[in-house]
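A short write-up of the structure that comes next.
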2 protein chains.
Amino acid sequence: MKKTPATDAKQSAAAQDPVLATRERIVRAASRLMQRQGYAGTGIKQISLEAQATLGSVYHFFPGGKQELAVAAIRHGDLEFAEELRTALGSETDPADAVLAFTRHLATGLRTSDWIDGCPITTTALGTAGSSPDIQSAAAEAFARWREIVFDKLRETGIAETDAHDLAHTVISTLEGAELAAQVSRSSEPLDIAGKHLARLITAYL
Amino acid sequence: MKKTPATDAKQSAAAQDPVLATRERIVRAASRLMQRQGYAGTGIKQISLEAQATLGSVYHFFPGGKQELAVAAIRHGDLEFAEELRTALGSETDPADAVLAFTRHLATGLRTSDWIDGCPITTTALGTAGSSPDIQSAAAEAFARWREIVFDKLRETGIAETDAHDLAHTVISTLEGAELAAQVSRSSEPLDIAGKHLARLITAYL
DNA sequence: GTCTATACCCCGATAGAC
DNA sequence: GTCTATCGGGGTATAGAC
């Protein structure tokens, strides 16, 4: 197993920025590392190193230890992804075009990270499914929030409530699955195709 | 973090069956445990215990250690999932109905495992992305195989080759994403809705 | 709030008897 | 092929000075 030194620009810029408060640096480092390595694969010492904080600081802000840290990391990834989603959807008036634009955004993010930065919460959520209710429910909240953002966008253009509800589910599910497939295959093709099909599906309901 | 005793019927029946050869018991235990806990979250000692094999036996069959074991586990999950997919798709002549039937199969599997047995390879693949090329390429092979099974089914019913290629991508991506969303949300709703939308999408190409 | 030191445990991997 | 013992290292978490 190759060890990731985690020295790339995105990591450093976010987690090591000395202007950020300590707690914030810790959360960002935890979020990024768990996104890449999962819950069990990420050590608290690694997080404290990456965040340029001491182990004592980590336990000062997160007395609940690794689990509390994971919940904070998922919440952070949740809001980060939600913000990107809102921005991309807001850039186009037609919801079909908007979703297509977001698939391109995801593909770009994956490629520029050399296919290592996928969904910010999936890896953490999957590895702890069924063993940590706090982490699981934080992940469930994230999915619900993302669906709601898509739902609102679809409703704006006059799609019926029940149709928008179902479409929001499939849009998020397909985006997640296509990002996963793209990461595993190291190719943007799954995302490109998913964008095309989601746009077609949405248009059928307009 | 609650510790999973791993005493449920599915695990025991597969991994502890004394009739199975030792190597096979080890692979099955590794596959199931990594499916649930990921690569880093699963210990070799836990695998040997679950498989009722000694640590020496594990290293006898897998001298490459944990990584070699993970590749074998992914291959096992790959073929297992492929078999389920072929069976479900073969149960209906209309490909739209066939995919719908498979979403129900996935939902049943998730619910009966109390939402812990999701995709057999995703958790392992995600936690090791970018750090273990062997595991990553085994996972990429699995996705390609599953897409090909869907592709063949679509071609049988006269869908054009390029359309079938794209549809196969989206079917697998959406199934993966919906299973993930269902697992995280502990609800079959994402899979139910995905089945409906995928059937609609496929029908549009018939 | 930050830091160092450390207790205690389990990890992957190996050695060598049988 | 199977088994036990063990090595070296790293894990989470805590204690207590500053």
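This structure is a prediction, so every number in the text was calculated from the model and none was measured. Letters go in sequence order (proteins before strands), and every chain restarts at 1.
- Chain B approaches DNA chain C within less than 4.0 angstrom (heavy atoms of the protein), and the contacting nucleotides run 5' to 3' from dC11(C) to dT14(C).
- Judged by closest nucleotide on DNA chain D, Gln52(B) is the one of Gln52(B) and Ala40(A) placed further toward the 5' end.
- Near-neighbour residues of DNA chain C inside residues 53-61 of chain B, defined by a heavy atom below 4.0 Å, number-ordered: Leu55(B), Tyr59(B).
- Between His105(B) and Phe102(B), the ring-plane angle classifies as parallel under the 30° and 60° cut-offs.
- The aromatic rings of Trp146(A) and Phe81(A) sit tilted, their planes meeting at an angle between 30° and 60°.
- Phe62(A) has its CZ atom 16 Å from the C1' atom of dT12(D), to the nearest Å.
- Side chains of His76(A) and Gln35(A): no donor on one and acceptor on the other come within 3.5 Å.
- A salt bridge links Arg32(B) with Glu80(B); the closest basic N to acidic carboxylate O contact falls under 4.0 Å.
- Across all strands, Ser48(A) comes closer than 4.0 Å to no nucleic acid atom at all (heavy-atom distances).
- Across the protein-nucleic acid pair, Leu49(B) atom CG and dT4(D) atom C1' stand 15 Å apart, rounded to whole Å.
- Considering only heavy atoms from C-beta on, Lys66(B) comes within 4.5 Å of Tyr39(B) through its side chain.
- The minimum heavy-atom distance between Val99(B) and Leu89(B), with the atom names listed, is N-CD2, 4.1 Å.
- Checked against salt bridge (Lys or Arg N to Asp or Glu O under 4.0 Å), Asp114(A) has the following partners two or more places apart in sequence or in another chain: Arg186(A).
- For Ile44(B) and dG11(D), the CD1 to P distance is 17 Å, given to the nearest whole Å.
- Residues Gln136(B) and Trp115(A) have side chains not in contact (no heavy-atom distance under 4.5 Å, counting atoms from C-beta outward).
- When rounded to the nearest whole Å, the span between CD1 of Ile47(A) and C1' of dA13(D) equals 14 Å.
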